[in-house]
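Model, not experiment: these values are computed from the prediction. Note that these values count all heavy atoms, side chains included, but never hydrogens, waters or copies made by symmetry.
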Amino acid sequence: GRGAAGRDWLLVADDGGTMDSLATALRARGDRCTLVRAGPAYALHGDDATVDLASPYDVRRLLADCRAAGRTVYGVLHAAALGATPWEATTPESLAAAKLGGVASALYVAQGVLGAPAPAPRLWLVTRGAQEADERDGALDPAHATVWGLGVALGLEHPDLAAACVDLDPASPAGDVTALMAELDGEAGEPRVAYRGGERRVARLERLRAPRPRASAAPWRLVRDAGGSLDGLHREAMRPLAAPGAGEVEIAVHASGLN
């Protein structure tokens, strides 16, 4: 259902303007948004803040200042990873910047939220191309995938934070704000969501109904293509075994497990 109007948000902005556009949409319906940008020193002027994203202390200070001003921040969105250089064009320099703007700053934002007085706001980690959610997806972007991995770890170690990962469509940035608005207005509880082609996709395990292989009368064994890996396995015919001798038995194996 639609979220309650009048909520208060901190949006850790990206370089591409996605959070600026989201702030415009949220403000239009009556919410309050503070755009948080990376900078060398802490500053808060109205609804614009600058924090050091290489430390959790500025985020904690920002939340404390909001509380001192009578504001109750409902949610924090970290979207700084959206400004990372595309993986195919990454250089050693841009990779270091992507780490700071991505998983490192997301970690410090999470620590800042966890260190704030209760009740802590909800945390959303916004990525693009962090997961393979569609057969048309290209290669995963490590700068975004590591942020997603952090979100999974936060969900296990700090369930009270209700951290959620939202992976935006790499092929359709024009739908970013619509997707994020739908996610922020939805019911809490879905920790990992990906948007592809205007569809909301969630992680689910389904039973695989694979056809049973035809039984072979000839004996065979499973052989590895190379040592040290179980990726390359193939069946290899075996010589027929000799008939069991005195004190021996022959066992017909239908299935076996490998640990």
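Within the 4.5 Å cutoff, the side chain of L10 has no heavy atoms near those of the V12 side chain. Side chains of M181 and L26 form a contact here, defined as non-hydrogen atoms less than 4.5 Å apart. A heavy-atom distance below 4.5 Å is not found between the side chains of L53 and Y108.
D31 contributes a side-chain N or O that, together with a main-chain N or O of R7, makes up a donor-acceptor pair within less than 3.5 Å. When atom types are taken as modelled, the side chain of R27 and the backbone of C33 share a donor-acceptor pair closer than 3.5 angstrom. Between the side chain of D141 and the backbone N or O of G129 there is no donor-acceptor pair closer than 3.5 Å. Remark: side-chain polar atoms of R196 are paired, donor with acceptor, to backbone N or O of L168 under 3.5 angstrom. Counting only distance, with no hydrogens or angles, the side chain of R221 and the backbone of R235 share no donor-acceptor pair below 3.5 Å. A donor-acceptor contact shorter than 3.5 Å links the side chain of H144 to the backbone of A81. Of the possible donor and acceptor atoms, none in the side chain of D58 sits under 3.5 Å from a partner among the backbone N and O of T50.
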Output, in order, the C-alpha distance, side-chain angles, deciding distance and verdict of salt bridge (Lys or Arg N to Asp or Glu O under 4.0 Å) for R37 and D20. CA-CA 11 Å; R37 305 185 191 278; D20 294 84; 2.6 Å; yes

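Side-chain contact check for W148 and D167: no donor-acceptor pair (N or O, by modelled atom type) lies under 3.5 Å.
Hydrophobic cluster membership differs between L77 and V113, with clusters built from Ile, Leu, Val, Met, Phe, Trp and Tyr side chains linked at under 4.5 angstrom.
Closest heavy-atom contact between R60 and A116: CG-N, 4.4 Å. Nearest heavy-atom pair across R128 and T18 is NH2-OG1, 4.2 Å.
With rounding to the nearest 0.5 Å, the separation of CZ in R224 from CD in E236 is 13.0 Å. Between the CG atom of L150 and the CG atom of L123 there is a distance of 8.5 Å, given to the nearest 0.5 Å.
Using a cutoff of 4.0 Å between basic side-chain nitrogens and carboxylate oxygens, R204 and E190 are scored as salt-bridged.
W9 and Y74 have perpendicular rings, their planes meeting at more than 60° on a 0 to 90° scale where under 30° would count as parallel.
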